[in-house]
Amino acid sequence: MKRYDPSSIEPKWQKQWDEDGVYVARDKGKKEKKYVLIEFPYPSGEGLHMGHLRPYVAGDVMSRFLRMRGHEVMYPMGWDAFGLPAENYAIKKGIHPRVTTAKNIENAKRQVKSWGIGFDWSREVNTTDPGYYKWTQWLFLQFFKAGLAYEATGSINWCPKDKTGLANEEVIGGKCDRCGTEVVQKEVRQWYLKITEYADELIDGLKDLDWPESVKVQQENWIGRSEGALIDFQIQDTKYKIQVFTTRPDTLFGATYMVIAPEHPLLENKELRIENRGEVDAYVAKAKAKTEEERITEGKEKTGVELKGIKAVNPANGKMIPVFVADYVLGGYGTGAIMAVPAHDERDFAFAKKFGLPVIDVISGGEPGELWEGAGDLINSGKFTGMSSEEAKKAITDFVHGKMKKQYRLRDWVFSRQRYWGEPIPLIHCEKCGVVPVPDDELPVRLPEVEKYEPTGTGESPLAAIESWVNTKCPQCGGEAKRETNTMPQWAGSSWYYLRYTDPKNAKEFAAMDKMKYWLPVDMYFGGIEHTTLHLLYSRFWHLFLHDQKLVPTPEPYARRVTHGIILGPDGEKMSKSRGNVVNPDEIVKEFGADALRMYELFLGPHEAMVSWNSQGILGVSRFLDRLWNFILSGEGEGNNEEAARVVDRAVKKVTEDIENIKFNTAISSLMICLNAVEGKPAADAFKEKLLKMIAPFAPHVAEELWHETGHKNSIHLEKWPEYDEELIKEAEISVVVQVNGKYRGTITAPTGLDQKDATVLALRLQNVSAALDGKTPKKTIYIKDRLINFVA
RNA sequence: GCCCGGGUGGCGGAAUGGUAUACGCGAGGGACUUAAAAUCCCUUGAUCGCAAGGUCAUGUGGGUUCGAUCCCCACCCCGGGCACCA
């Protein structure tokens, strides 16, 4: 008998599957389609690691399972290849990013193939391919034409190391998501996509999606919708007003002062007679210069300066109240100004205490003069006194002629980068015509060759230095014009790649509608939690927009989202080179084979949980595969014993349900239980076949090899998933737990379906039970058929 | 501070109202071997007991229930997200 040797069978089958096109998905087939997706990787010089392996294997198990269940399955792969590392490497070595990217792709492809991932390579895409980014540019122009892409100069997040603007979503804890450098605020001309226009749809669409609740909540919180009112406060003896946004218009009578942000336009108004102008200007300058870090370290200690000589009028009661400038009010949210109600807002309370401002209770519920942020009935509120806060919100807003308003935390998406290795934004600046889109037939605007890749740091991209490229003709008037030199962020290409997979070679459209209609939406999207407020939010926004434009057939892109926990090193810490705890999947393949690697990774723990790699644990699955090999190839085994059939059928039921519910760890444990039970006994070929088919999604190579060794000609991965016999798996006899007062006292073995009377008789015969009852008759008996009988004495 | 997860043997974990600790790793003992590896068999939550069996254990304290790892309340700890968003 041959020995199980992964290194001799795995490459053989990988090659064979490729040649036979086992994983190629057919468009518009008769079968019901399933579209399984993983987040396509950035092809880095480091190669792919465990963090990639986990979702790819999960998606692979799922697609193989679904294919065997009779679906037309698409499981495609591609490369998100624009981005900083390749560009930084080019800066250091002078090698074009295209060259390093191609090399890295080749290596990553070798890796995923060696893991036995059944991707459909006929649909491979690469975001840096002009045939691909042509459509990224075209799609951007649809936003532009719809008025959802706009240019503005404003204070934005800027990474001083990468020398480029960043989107809000790319700033993690005040630091650049890419390099960890402290982000600063800088005034730069940028292109924005108006994602805020879709804030409501982005929230409302979530409710019908089969996504993890935590991911939905996180997106919802990021968008941060709150409902409140806009209310105007007149500035005494002037024509000017300060408008505020508040979610608590019911507390208006308690507004004892106002605060405006340091960025508020009122401070630029020279007509206002601010008596302490110098002091105010100094405060504003200092506040604006603060970095994120300084603001955090200062904590919640309130600072501010009163605008002397200025008073505002509380529209509810006509009282004159002071106006402050303070940096606890943010310029970028709401109107950049607030009414301060110290009795009912923690921050206003702290500020009022520090500056000795009056605290007036207007909502009942708290201690007098103390903070109370809850709801209650109104007090000290004129004719509204006695009303509930909920009712008063609208009533008071109406009374002061305010209007209800929804407000969001979400900011528009800073969409331009001052870097080389990205899609050029396909716009032309003409002095006469303004900003003009590049005509469709001139797309793609190709990324030109440059001498120097370095970011300039001036707010211009390196492309600005190439005059021959920048200078062009206006498509509208034919006059002298200049190209936009900013490039798109990395998130552009990934915002629509799942659409391109449905029709990757189309030269006329980004994808044909009939193909999208067949394949969309993505049925199952495997990925990490880290993209919740990045890629996942961005691509939903693109999709919602494209749906409104009638360019895609479904309202949402991803029907079901499955997230995974990260794999920690053997020491329980995050894998990192500096810590020296990185487990390299390629080395595991070399030592144990891809099948063992895949199975062990799945067996480690629940897919969504954070788990640590245990270097010795893989021996368990390695032994399992070895025993499986021997079991399948040993013995002629015609012993058609019913017990074996029952054991295997039970496994079929459990494994099927577990795969459907993404519980791969318990599915594998059921397979182990099954093998443990049948091993060493004669078993009919039919049981062996069932077992092999169940193993096939998890360990595709060994299953295929054994399938062929046992006389089959076609790939096991195109076989039908096994079924089980509902009657057979029922137990004929069952052990019923006997308890006295809820405590275990023994079991009785009886035929299934025993009624209470017979069970009682059998149970009372147990010595342990009569001892526990101590001669008493049970007051009550609880009987759950085939499970338990409990005497309450 | 607010919002999500989570806390079970030596370790990864299983079980979400009904015998807690499946499966795997590790450990101990044995078989085979000149020996070792590999493989196979047995034992393995703690504790008392010769045994039968008992008692105690799912972060802590309460509650609901015939019965709670599971449901409810309060608290502690760990991980993640947001963070002066009015």
Side-chain angles (χ1 to χ4, degrees), chain A residues 172-174 212-222 224-226 228 244-248 251 255 259 261 295-296 298-302 326-330 332-341 344-348 350-351 407-411 529-530 532-533 565-566 568 570 572 599-600 603-606 608-621 623-624 626-627 630 663 665-676 680 735-747 767-768 771 778-784 786-793:
Chain A
I172 313 290
E213 208 45 44
S214 59
V215 173
K216 291 192 191 182
V217 168
Q218 240 189 81
Q219 274 205 359
E220 198 173 331
N221 290 347
W222 183 262
R225 177 161 64 191
S226 57
V244 303
F245 172 74
T246 176
T247 55
R248 294 297 302 272
T251 64
V259 184
R295 289 188 79 154
I296 289 166
E298 273 175 28
K300 297 197 169 155
E301 184 60 34
K302 299 283 182 290
D327 66 0
Y328 84 88
V329 172
L330 306 175
Y333 183 78
T335 61
I338 61 152
M339 63 178 210
V341 184
H344 306 292
D345 181 281
E346 192 189 352
R347 297 147 305 177
D348 298 344
F351 190 88
Q407 194 67 49
Y408 307 90
R409 290 187 182 200
L410 185 70
R411 305 293 155 82
I529 195 77
E530 70 278 9
T532 300
T533 53
I566 60 168
L568 304 171
M599 277 195 114
Y600 181 56
F603 187 60
L604 269 176
E608 69 284 358
M610 197 192 277
V611 290
S612 19
W613 186 268
N614 175 333
S615 308
Q616 256 163 341
I618 193 166
L619 286 170
V621 289
R623 286 172 190 149
F624 167 76
D626 211 28
R627 279 167 34 218
N630 293 332
K663 291 168 80 173
N665 55 331
T666 50
I668 290 171
S669 121
S670 309
L671 291 169
M672 288 173 168
I673 292 169
C674 177
L675 181 64
N676 289 347
S735 63
V736 175
V737 172
V738 184
Q739 296 183 337
V740 177
N741 293 328
K743 269 204 158 54
Y744 171 77
R745 296 294 166 186
T747 57
Q767 219 171 16
N768 239 338
K779 282 194 285 253
K780 191 173 158 191
T781 305
I782 284 135
Y783 182 61
I784 292 153
D786 298 340
R787 290 215 86 139
L788 161 141
I789 181 159
N790 183 15
F791 300 111
V792 184

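All chains are named by letter (A, B, ...) in the order of the sequence lines, taking the proteins before the strands, and each is independently numbered beginning at 1.
Between B/rA46 and B/rA22, the distance separating the two P atoms is 13 Å to the nearest Å. Taking the P atoms as reference points, B/rU60 lies 26 Å from B/rU44, given to the whole Å. Distance check on atom C1': B/rG10 versus B/rU16 gives 26 Å, rounded to whole Å. Comparing B/rC66 with B/rC82, their P atoms are spaced 47 Å from each other, to the whole Å. B/rC11 and B/rG67 are spaced 31 Å apart, taking the C1' atom of each and rounding to whole Å. On the C1' atoms, B/rG18 is 11 Å away from B/rC70, given to the nearest whole Å. Between the C1' atoms of B/rU65 and B/rG12, the separation comes to 33 Å (whole Å). One P atom belongs to B/rG28, the other to B/rC77, and the distance between them is 38 Å to the nearest Å.
In a base pair of the Watson-Crick type (N1 to N3 plus N6-O4 or O6-N4) or a G-U wobble (N1-O2 and O6-N3), with each distance short of 3.5 Å, B/rA20 is matched with no nucleotide. As the counterpart of B/rC40, B/rG30 is assigned, both hydrogen-bonding distances of the Watson-Crick or G-U wobble pattern falling under 3.5 Å. The partner of B/rU65 cannot be assigned: no Watson-Crick or G-U wobble pair with both contacts below 3.5 Å exists in any strand. The nucleotide B/rC2 finds its pairing partner in B/rG81, both defining distances of the Watson-Crick or G-U wobble pair being shorter than 3.5 Å.
Looking at A/Asn614, its side chain does come within 3.5 Å of a backbone N or O of A/Gln616 through a donor-acceptor pair. Between the side chain of A/Asn221 and the backbone N or O of A/Gly224 there is no donor-acceptor pair closer than 3.5 Å. A donor-acceptor pair is defined here as one N or O able to donate and one able to accept, closer than 3.5 Å; such a pair exists between the side chain of A/Asn790 and the backbone of A/Gly742. Without hydrogens or angle criteria, A/Gln739 side chain to A/Arg745 main chain gives no donor-acceptor distance under 3.5 Å.
Contact between the side-chain N/O atoms of A/Tyr328 and the OP1/OP2 oxygens of B/rA86 is not found at any separation under 4.0 Å. One finds a side-chain N or O of A/Asn676 lying less than 4.0 angstrom from the OP1 or OP2 phosphate oxygen of B/rG24. For the OP1/OP2 pair of B/rA14 and a distance below 4.0 Å, the side-chain nitrogens and oxygens of A/Asn665 include at least one atom meeting the criterion. Applying the 4.0 Å criterion to OP1 and OP2 of B/rA38, one finds that A/Arg623 has every side-chain N and O outside that range. Considering only side-chain N and O atoms, A/Thr781 lies nowhere under 4.0 angstrom from the phosphate OP1 or OP2 of B/rC66. Contact annotation: A/Lys663 reaches the phosphate of B/rA15 (side-chain N/O to OP1 or OP2, under 4.0 Å).
Within 4.0 Å (heavy atoms only), A/Asn790 reaches at least one base atom of the nucleic acid. A/Ile668 comes within 4.0 angstrom of no nucleic acid atom, judged by non-hydrogen atoms across all strands. The residue A/Val737 sits close to a base: some heavy atom pair falls under 4.0 Å. Contacts of A/Ile784 with the nucleic acid, taken as non-hydrogen atoms under 4.0 Å apart, include base atoms. Residue A/Ser670 is classed as having no contact, given no heavy-atom separation below 4.0 Å to the nucleic acid. A/Gln739 comes within 4.0 angstrom of a nucleotide base, judged by non-hydrogen atoms across all strands.
Which of B/rA14, B/rG26, B/rA86 sits closest to the side chain of A/Thr247 comes down to B/rA86. Each of B/rA86, B/rU19, B/rG12 was ranked by its minimum atom distance to the side chain of A/Leu604; first place goes to B/rG12. Of the candidates B/rC56, B/rC40, B/rG13, B/rC56 carries the atom nearest the A/Lys743 side chain, counting heavy atoms from C-beta on. Set against B/rA14, B/rA86, B/rG24, the side chain of A/Thr246 has B/rA86 as its closest nucleotide. Closest to the A/Ser669 side chain, of the nucleotides B/rA14, B/rA22, B/rU19, is B/rA22. Residue A/Phe245 places its side chain closer to B/rA86 than to any other of B/rG13, B/rG24, B/rA86. Residue A/Thr747 has its side chain nearest to B/rU19 when only B/rA86, B/rU19, B/rA14 are considered. Nearest nucleotide to the side chain of A/Met610, out of B/rU19, B/rG12, B/rG79: B/rG79. Set against B/rC66, B/rU19, B/rG13, the side chain of A/Lys780 has B/rC66 as its closest nucleotide. Looking at the side chain of A/Ile782, the nearest of the listed nucleotides B/rU55, B/rG13, B/rC66 is B/rC66.
Taking the ring centre of A/Tyr328 as origin, the terminal cationic atom of A/Lys302 falls inside the region bounded by 6.0 Å and 45° from the ring axis.
In this structure, A/Phe245 and A/Tyr333 have perpendicular ring planes: the angle between them is above 60°, well past the 30° mark.
For A/Gly336 and A/Arg787, each mapped to the nucleotide of RNA chain B holding its nearest heavy atom, the one lying further toward the 5' end belongs to A/Arg787. Residues A/Tyr408 and A/Trp222 each lie close to RNA chain B; by heavy-atom proximity, the contact nearer the 5' end of the strand is made by A/Trp222.
Side chain to side chain, A/Asn676 and A/Arg627 meet the donor-acceptor criterion of an N or O pair below 3.5 Å.
A/Leu330 has its CG atom 14 Å from the C1' atom of B/rC82, to the nearest Å. Put simply, CH2 on A/Trp613 is 16 Å from C1' on B/rG13, counting in whole angstrom units. One can place NZ of A/Lys216 at 16 Å from C1' of B/rC3, the figure rounded to the nearest angstrom. Between the CD atom of A/Gln218 and the P atom of B/rG80 there is a distance of 12 Å, rounded to whole Å. Nucleotide B/rG1 holds its P atom 20 Å from the CG atom of A/Asp348, rounded to whole Å. Taking atom CG of residue A/Leu671 and atom P of nucleotide B/rG24, one finds them 12 Å apart after rounding to whole Å. The distance from atom CZ of A/Arg745 to atom C1' of B/rA52 is 14 Å, rounded to the nearest whole Å. Between the CD1 atom of A/Ile789 and the C1' atom of B/rU19 there is a distance of 15 Å, rounded to whole Å.
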Apply side-chain contact (heavy atoms from CB on, under 4.5 Å) to the pair A/Thr781 and A/Ile789, showing each step before the final yes or no.
CA-CA 7 Å; A/Thr781 305; A/Ile789 181 159; 3.8 Å; yes
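Heavy atoms from other residues, nucleotides or ligands lying under 6.0 Å from CD of A/Glu608 number more than 12.
With hydrogens and angles ignored, no donor-acceptor pair under 3.5 angstrom links the side chain of A/Lys779 to the base of B/rC66.
B/rG81: glycosidic angle beyond 90° from 0, hence anti.
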